[in-house]
Amino acid sequence: MASSIGADLAMDFLTTTHPPVEHVFFDGGQFAQIGKGTRRIMVPFLYLAIKSL
């Protein structure tokens with residue numbers, strides 16, 4: 001079971017876009033186990049959401 005799809009997407013975002021981040025903290029249980037294809041579809045939307053803040 002998984003408790004956070006957001007944590008899985010954030011990790012994929014960090015590893016694919018290489019933003020200048022020194023430390024990352026994830027709080028909670030296990031990361032969600034979603035497929036690479038789904039992550040590749042969802043990460044660009046996460047990137048747009050972060051840039052819009």
Side-chain angles (χ1 to χ4, degrees):
M1 290 292 148
S3 63
S4 178
I5 291 175
D8 190 50
L9 289 173
M11 192 64 201
D12 195 65
F13 172 78
L14 291 171
T15 58
T16 57
T17 60
H18 305 289
V21 176
E22 193 169 320
H23 293 89
V24 177
F25 297 96
F26 293 105
D27 185 22
Q30 298 175 335
F31 289 175
Q33 300 295 316
I34 59 176
K36 279 189 173 188
T38 304
R39 283 197 304 261
R40 287 183 184 173
I41 292 168
M42 296 175 80
V43 164
F45 294 108
L46 178 64
Y47 181 75
L48 289 173
I50 290 171
K51 284 292 191 180
S52 70
L53 294 176

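Atom set for the values below is all heavy atoms of this structure, side chains included, hydrogens, waters and symmetry mates excluded. Here the structure is a predicted model, which is why all the values come from computation and not from measurement.
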- What's the shortest heavy-atom distance between T15 and D12, and which atoms? OG1-O, 3.1 Å
- Message: Between F13 and I41, is there shared hydrophobic-cluster membership here, with clusters defined by ILVMFWY side-chain heavy atoms closer than 4.5 Å?
- Response: no
- Query: Is it true that V43 and V21 fall in one hydrophobic cluster, defined by side-chain heavy atoms closer than 4.5 Å?
  - Reply: yes
